[in-house]
Every structure is written in structure tokens, then in C-alpha cells.
There are 2 protein chains.
Amino acid sequence: MNYSSPYKAPTLTVDAVIFQLIGEQLHVLLTKRSDEPFKGDWALPGGYCAEGSTTLEALAMVTKRKVGLDLDNDLNYLEQLYTFDTVARDPRGHAVSVTYVGCGRAIELVQATQEVAWHPVDTLPNLAYDHESIIHYARERLAAKLTYTNAAKGLLEKKFTLSQLQSTYEAVMGRLLDKRNFRKKFLSLGLIHETPDMWREGAHRPAKLYAFNNDNLEALSRSFD
Amino acid sequence: MNYSSPYKAPTLTVDAVIFQLIGEQLHVLLTKRSDEPFKGDWALPGGYCAEGSTTLEALAMVTKRKVGLDLDNDLNYLEQLYTFDTVARDPRGHAVSVTYVGCGRAIELVQATQEVAWHPVDTLPNLAYDHESIIHYARERLAAKLTYTNAAKGLLEKKFTLSQLQSTYEAVMGRLLDKRNFRKKFLSLGLIHETPDMWREGAHRPAKLYAFNNDNLEALSRSFD
DNA sequence: GCAAAAGTGTTTGGGATACACCCATGC
DNA sequence: GCATGGGTGTATCCCAAACACTTTTGC
């Protein structure tokens with residue numbers, strides 16, 4: 001160790017990529033920066049992590065205060081994504097950001113102190129810092145998770161139709177899936193079960209409602225459609 | 001942001017889980033701690049990351065000095081693993097560690113300033129901090145990588161026999177594989193090609209030597225034996 | 001009756017699995 | 001000639017992929 005010069009740590013920050021579905025499109029939660037740098041640009045919700053707080057604790061505090069998001073109650077899934085640490089990513093000085101990816105459904109943001117909005121991930125505005133690449137990375141991670149876990153429950157209501165489930169997969173993966181194969185495959189996995197309830201809406205046949213068997217994140221072996 | 005109280009960042013550290021094969025066993029590089037805390041225990045090579053260095057740059061400096069490992073030249077593969085940040089993991093105070101996992105072959109450590117040794121991952125000594133769980137996590141990551149990338153080249157010589165390749169997979173995954181299926185599968189993937197050379201050793205038939213087609217990390221779609 | 005989404009089966013090809021014997025060499 | 005590890009083929013099963021029509025409802 002280098003005992004000779006006084007040690008100074010980089011600034012430690014946390015940022016969250018929070019996804020939810022609006023309609024059939026995947027959206028990500030952004031806030032508008034009210035200060036320099038990148039004043040007026042959209043950015044991921046995030047902030048500082050001070051000594052004594054874990055990154056997750058810091059993130060919970062910061063999202064609560066700034067964007068009115070309650071990590072524990074509003075999200076169905078949250079995990080650490082990656083740590084971004086290039087020296088130049090923040091023009092004010094070296095800041096290392098530990099990022100998280102999570103998702104929820106019908107999230108209501110209360111008492112945000114910053115301007116916030118949900119943006120479709122396929123048409124993002126100009127973003128501050130390296131946040132655009134962080135979002136792309138997060139979306140890839142989520143898409144990968146869908147293929148080998150029951151993470152889709154994080155984006156859906158408790159009960160859902162198979163069509164809604166399929167369109168969730170399509171929204172995250174960004175491509176269309178075959179209806180018959182999807183249903184056959186998913187039912188054979190044994191992750192979900194029928195409920196007695198039906199979904200009635202519009203001038204067409206009602207749909208059976210299903211629910212996930214397990215509330216926790218469950219890992220399978222591999223592969224999807 | 002909280003402008004009112006002076007911000008103090010946690011200490012930022014970096015740690016590396018470096019694997020290589022010795023014989024047919026997977027080994028991990030450890031150093032013996034010469035100071036408190038955990039004096040006398042084995043630990044992952046690591047150290048501080050100061051403002052102005054990326055975690056990777058800091059790791060390169062620290063491994064070079066302490067254990068004589070040259071990240072750029074001694075390793076065939078290195079990637080960020082996870083960031084560990086529980087407040088209690090270091091008894092001296094809050095230290096957040098960005099960890100990396102990598103591997104190489106026949107690594108020669110030169111001019112280490114600390115006591116270093118390669119330990120079989122299946123029989124680890126008592127480890128400092130949370131390093132035992134970090135190693136387990138790293139091994140799982142590496143095993144996963146083997147199933148969908150050509151990461152095995154990181155652990156092998158440039159030229160290798162199919163038996164050596166198979167025993168590499170077995171060492172990392174911790175289970176035995178079927179010889180005929182393994183060879184059939186691997187050759188059909190098109191990741192490797194025959195060389196004109198043969199491996200001669202001992203009182204038995206010589207083996208063809210193969211090499212990977214691509215020097216870079218290459219991702220496949222899925223699944224393995 | 002018509003528009004709109006729900007629901008349903010079969011065929012085909014390829015990869016995963018399981019399994020046992022001959023080959024080339026050094027001594 | 002024997003011990004040692006290298007090298008090879010086939011049968012089976014399951015899963016992925018491709019593909020189109022009938023059912024139920026509201027209006």
C-alpha cells in the first residue's frame with residue numbers, strides 16, 4: 001500500500017435504471033437536470049453515496065427524495081448492474097457510479113422534488129453523462145434475465161393474460177414471438193398457473209388470467225423462443 | 001442533492017480473483033496478509049483506488065506491485081465481477097470494493113512484495129473479509145462464461161488437445177463430461193481448428209493439437225452438455 | 001354478421017444424451 | 001504384450017421452429 005501520500009477516494013455515486021411498461025412499450029424513469037453540468041438534459045435518477053451507507057441504502061434515499069420512488073415497495077425486482085468508473089464521465093471530477101436495474105408496474109411517484117418522466121426506451125432524448133449506454137446495458141441485462149428467470153413478473157400485474165405476458169417479452173426483447181410456441185413453452189415451464197378469473201375487455205373473446213407460482217426470483221436452466 | 005453536510009466518500013478498493021489451472025485443478029491467486037486486520041489470513045490481491053484512477057488502472061498498479069502480476073500481459077481474460085459494499089465488510093471502516101475476475105495460464109509472478117500462492121479453489125484456507133464468497137461468485141461467473149463464450153482459451157495454452165480442453169471445462173464446472181459428446185459438440189461449434197502439430201507424452205497414442213480461431217472473447221447463443 | 005383478440009396441434013429438423021470399443025504409442 | 005490415454009458412431013428423445021384456422025365476445 002502507498003502510505004506516503006494521503007489517500008483520497010473518488011466520489012461514489014449511485015444510479016438506477018427503472019423500467020416499467022406503459023401500454024405495450026418499455027419505459028425508463030428519467031429526471032431532468034436542474035443544474036450544471038448537463039443542465040436541462042434528462043438523466044437517470046441517482047446521487048451521492050456517502051460513507052456509512054451501502055449503495056443500495058443510498059439509492060433508496062436518493063430515489064425517495066428526488067423522484068418519489070420507494071425502492072422497497074414500488075419495485076418487484078432490483079439488482080446491481082455494473083460499476084462505471086471512467087475518470088471523464090463526470091466533468092466535475094472523478095465519480096464512480098454503482099448502478100442498479102429494476103422494474104415495477106403502474107408505479108406512482110409521490111412528492112418528487114425533481115421533474116420526472118417515463119420515456120420509451122426505444123426513443124430516448126439526449127441524456128446526460130454516459131447514461132444512454134447504461135440504459136442500453138440495463139435493457140440487455142433485463143432481456144437476458146427474462147430468458148432464464150421469472151423476472152417478467154416484475155413488469156406485470158399479479159394476474160395477467162398470456163397475451164400480456166407475451167407482449168411483455170416482446171417489449172423487452174424488442175422482437176416479436178410466435179404465439180403458439182410462446183404459450184406452449186411457457187405453460188410447459190410450470191412457472192405460472194391458471195386462476196379462476198377472466199379478463200374481459202372490448203369486443204372479443206375474454207382471456208384466462210394467470211399468475212406466477214413463486215413470488216421470488218426463480219432461475220431456470222436456459223433458452224427461450 | 002444534499003449540499004448542507006460535507007460529503008465524505010467511502011474508501012474505494014479493488015480486488016481481483018485470478019484463476020489458472022495447475023495440473024487439472026483450478027487454482028486462485030491469494031496473498032497472505034502481513035498486517036491487521038486479518039493478519040496472517042489469506043486474501044485476494046487488492047488495494048486502494050484513489051481519485052483519478054479507474055478501478056482497472058488501480059488494480060493493475062496494485063497487482064503489479066504486490067503480487068507481481070501484470071494484468072495486461074499475464075492474463076487472457078479479465079472482466080468486472082461485482083461491487084461489494086456492505087459497511088461491515090472491513091473492520092477498519094466502510095470500504096466499497098469493485099472486484100474483477102480473470103484468468104491466465106502458467107503465470108509467472110515476478111518481484112512480488114507480498115507472500116503469494118496459488119490455492120485450489122476446492123480447498124481454500126481461511127480467508128480474510130468476505131473474500132471466500134467473492135471467489136465462489138467469481139467461479140460461478142467463469143463457469144457460466146464457459147458455456148456461452150470461448151473463454152476457455154484464457155486458461156489454456158495456445159495449442160491444446162481436446163482432452164486438455166475437456167478437463168478445463170470439468171475443472172471449472174466441477175463435474176465430469178462425456179468424452180464423445182464433448183468432442184462432437186465442441187467441434188461442431190466451429191470455435192477451434194486442428195493444427196498440424198501433435199502432443200506426445202507418455203506411453204500412449206499422441207493427440208492432435210487444436211487452437212482457437214478467434215483471439216477475442218466470442219459469445220455464442222447458449223447451453224452446454 | 002363482423003371486427004377483434006383468444007385459443008389451439010402437428011410436422012420437421014437439430015441438438016442433447018447415453019453408451020463401448022478400437023487405435024497408437026512407450027516400455 | 002500390456003498399460004495408457006486418444007479417438008470414434010449410432011440410436012433415442014426432446015425441444016425449437018414454422019405455420020393457419022376456429023372460438024368467443026361486443027356492437
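Chain letters run A, B, ... following the sequence lines, proteins first and then strands; every chain starts at 1.
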If you only use heavy atoms from C-beta on, which nucleotide in dA20(C), dA16(D), dG5(D) is closest to the side chain of R180(B)?
dA20(C)
Residue R183(B), side-chain heavy atoms: nucleotide from dG7(D), dA18(D), dA5(C) that is nearest:
dG7(D)
Between [atom2] of [N] and [atom1] of [X], the distance in whole Å:
X: L189(A); N: dC14(D); atom1: CG; atom2: C1'; answer: 14 Å
X: E170(B); N: dG5(D); atom1: CD; atom2: C1'; answer: 14 Å
X: L162(A); N: dT8(C); atom1: CG; atom2: P; answer: 9 Å
X: L177(A); N: dA16(D); atom1: CG; atom2: P; answer: 13 Å
X: L176(A); N: dA18(D); atom1: CG; atom2: P; answer: 13 Å

State whether S163(A) places a side-chain N or O below 4.0 Å from either non-bridging phosphate oxygen (OP1 or OP2) of dA6(C).
yes
Are the side chain of T55(B) and the backbone N or O of V98(B) linked by a donor-acceptor pair below 3.5 Å?
no
If you look at every strand shown and take non-hydrogen atoms under 4.0 Å, does S188(A) touch a base, only sugar-phosphate, or nothing?
nothing
Relative to each other, are the rings of F212(B) and F160(B) parallel, tilted or perpendicular (30° and 60° limits)?
tilted
Assess whether a salt bridge exists between K159(A) and D197(A), defined as any Lys/Arg side-chain N lying under 4.0 Å from an Asp/Glu carboxylate O.
yes
Count the heavy atoms of every other residue, nucleotide or ligand shown that sit under 6.0 Å from CD of E79(A), and state whether that count exceeds 12.
yes
Whether over 12 other heavy atoms sit under 6.0 Å from W199(A) CH2:
no
Using the closest heavy atom to pick a nucleotide of DNA chain D for each, name whichever of P206(A) or K179(A) lands nearer the 5' end.
K179(A)
Which of residues 196-204 of chain A have a heavy atom under 4.0 Å from DNA chain C?
A203(A), H204(A)
The single option from H27(B), R139(B), Q25(B) passing side-chain hydrogen bond (donor to acceptor under 3.5 Å, both in side chains) against D122(B)
R139(B)
Closest-nucleotide mapping onto DNA chain C: is K208(A) or K184(A) further toward the 5' terminus? I mean the 5' end.
K208(A)
